[in-house]
Amino acid sequence: MINQNYTKAINWNNIEDLIDKSTWEKLTEQFWLDTRIPLSNDLDDWRSLTADERDLVSHVFGGLTLLDTVQSDSGMDSLRADARTQHEEAVLNNIQFMESVHAKSYSSIFSTLNTKTEIDAIFAWIDANENLQYKAQKVTEIYKNGSPLEKKIASVFLETFLFYSGFYTPLYYLGNNKLANVAEIIKLIIRDESVHGTYIGYKFQLGFNDLSDAEQETLKNWAYELLYDLYANEEIYTDALYGPLGWAEDVKTFLRYNANKALMNLGFDALFPDTAGDVNPIVMNGLSTGTANHDFFSQVGNGYLLGQVEAMSDDDYNFD
């Protein structure tokens, strides 16, 4: 007699949703680790920055550390509970691991650029910053108590919108020929987040299309209200971070542009009038995730390829 409460093995030869397979392949092809980027090469640039600039960079990466921690600790777990396929669960496992890699990468940056006392101060600032804590706790609350589709909305807003107030800084410095290796890590992270946001947005749309017209309208209104709330908080956060350097308005434009991208990942209309043409062109150019010109044996850029491996045979030992 067959036990109906069996455990089902995942079968990658029987794919229910080809997007699961293509996303898995994309994510594994672009696998990377922060240990392959020579961050110490940026120390001369770091020392050339003003005290205000160093504070900005440190706090920006502190904020990103918290958000990636939310995504790796609770975000993917909450989404995995509502996966449609076993292959989707596998993709979310991959995403969860890479979010942990992202969070660790910021610590690698800290350990290279900052003293232990400075690192302790950064993490104290993370704990005390009200606007940073607000967005982290807002998203975490949705992960804990939201509906499956509300969780996906929160995840897309985090991946495609909230991270970008932090990404602006290294992209700006990259465009001004500073902190190139720090920026290389950020470009690798952006490349990952682009896939994450698009994939989770796709899964959201599958569920959204199953709703009645009335349910769709209610959920859409909820999403726009959440975005308004997060953006209002992000304006205050941005003013505090970037105000001393006079960059705040440029950063807000960048945020609005990425908020529109997040909405489009969900299949919704853009909210803000800002387009790519309104964003600082130096930063927009940095968003390109093309291959950096790196020596593979010293570091790995965002376009490196995994090596091809084949089994050895007896002939390989024939040196005649």
Side-chain angles (χ1 to χ4, degrees), residues 32-68 101-126 129 132 163-193 237-238 240-251 253-255 258 279-304:
W32 61 278
L33 291 172
D34 56 289
T35 51
R36 301 300 300 275
I37 310 295
L39 292 167
S40 60
N41 288 356
D42 286 348
L43 281 170
D44 285 344
D45 288 340
W46 175 250
R47 296 182 185 110
S48 74
L49 301 182
T50 66
D52 283 344
E53 288 178 306
R54 290 196 295 270
D55 281 346
L56 171 64
V57 172
S58 298
H59 290 158
V60 155
F61 290 144
L64 289 170
T65 301
L66 180 62
L67 296 184
D68 266 318
V101 171
H102 299 173
K104 178 184 176 297
S105 297
Y106 301 125
S107 288
S108 294
I109 294 171
F110 293 146
S111 65
T112 303
L113 304 181
N114 301 97
T115 65
K116 184 182 184 304
T117 300
E118 289 169 342
I119 293 171
D120 290 343
I122 291 167
F123 280 87
W125 176 87
I126 293 170
N129 187 282
L132 176 58
F163 282 131
Y164 281 79
S165 62
F167 292 160
Y168 183 96
T169 302
L171 295 177
Y172 176 85
Y173 281 120
L174 176 65
N176 287 278
N177 297 313
K178 292 183 178 181
L179 302 178
N181 291 282
V182 168
E184 184 69 10
I185 283 184
I186 300 306
K187 285 167 70 71
L188 287 161
I189 291 173
I190 289 172
R191 187 182 64 173
D192 289 345
E193 304 297 9
Y237 182 69
T238 299
L241 279 179
Y242 291 96
L245 295 179
W247 299 359
E249 294 309 313
D250 273 358
V251 177
T253 300
F254 187 56
L255 286 173
N258 284 289
V279 177
N280 186 323
I282 291 176
V283 174
M284 281 304 299
N285 185 61
L287 274 179
S288 169
T289 55
T291 304
N293 184 21
H294 288 334
D295 171 6
F296 182 84
F297 293 100
S298 62
Q299 59 186 9
V300 176
N302 61 25
Y304 79 89

Search all heavy atoms of [X] against all heavy atoms of [Y] and return the closest pair with its distance.
X: Thr238; Y: Ser165; result: OG1-CB, 4.3 Å
X: Ala248; Y: Gly243; result: CB-N, 4.3 Å
X: Arg54; Y: Arg47; result: NH1-O, 3.9 Å
X: Ala183; Y: Leu174; result: CB-CB, 3.6 Å
X: Val101; Y: Trp32; result: CG1-O, 4.0 Å
X: Ser58; Y: Phe110; result: O-CE2, 3.7 Å

Return the orientation label for the His59 and Trp125 ring planes: parallel under 30°, perpendicular over 60°, tilted otherwise.
parallel
Please assess Tyr173 against Asp45 for the test side chain to side chain contact (heavy atoms under 4.5 Å, CB included), listing each intermediate value before the final yes or no.
CA-CA 10 Å; Tyr173 281 120; Asp45 288 340; over 6 Å; no
Decide yes or no on side chain to side chain contact (heavy atoms under 4.5 Å, CB included) for Phe167 and Val283, but give the supporting numbers first.
CA-CA 9 Å; Phe167 292 160; Val283 174; over 6 Å; no
Is a donor on one side and an acceptor on the other found under 3.5 Å between the side chain of [X] and the backbone of [Y]?
X: Asn258; Y: Tyr164; value: no
X: Tyr168; Y: Asp250; value: no
X: Asn181; Y: Ile37; value: no

To the nearest 0.5 Å, what is the distance between [atom1] on [X] and [atom2] on [Y]?
X: His102; Y: Asp34; atom1: NE2; atom2: CG; value: 10.0 Å
X: Tyr106; Y: Ile122; atom1: OH; atom2: CD1; value: 13.5 Å
X: Tyr172; Y: Glu53; atom1: OH; atom2: CD; value: 8.0 Å
X: Thr169; Y: Tyr242; atom1: OG1; atom2: OH; value: 2.5 Å
X: Ser108; Y: Ile185; atom1: OG; atom2: CD1; value: 6.0 Å
X: Leu56; Y: Asp52; atom1: CG; atom2: CG; value: 9.0 Å

Report the residues that fulfil side chain to side chain contact (heavy atoms under 4.5 Å, CB included) with Ile282, sequence neighbours left out, ordered by chain and then residue number.
Asn176, Asn280
Pairing residues for Thr117 by the side chain to side chain contact (heavy atoms under 4.5 Å, CB included) criterion, not counting sequence neighbours
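Counting only residues at least two positions away or on another chain, Thr117 forms a side chain to side chain contact (heavy atoms under 4.5 Å, CB included) with Thr115.
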Is the shortest heavy-atom distance from the side chain of [X] to the side chain of [Y] under 4.5 Å?
X: Met284; Y: Leu171; value: no
X: Asp42; Y: Glu184; value: no
X: Trp46; Y: Thr112; value: no

Test side chain to side chain contact (heavy atoms under 4.5 Å, CB included) on Leu113 and Val182; report intermediate values, then the result.
CA-CA 10 Å; Leu113 304 181; Val182 168; 4.2 Å; yes
Go through the steps to decide whether Ile189 and Phe163 satisfy the test side chain to side chain contact (heavy atoms under 4.5 Å, CB included), and finish with yes or no.
CA-CA 10 Å; Ile189 291 173; Phe163 282 131; over 6 Å; no
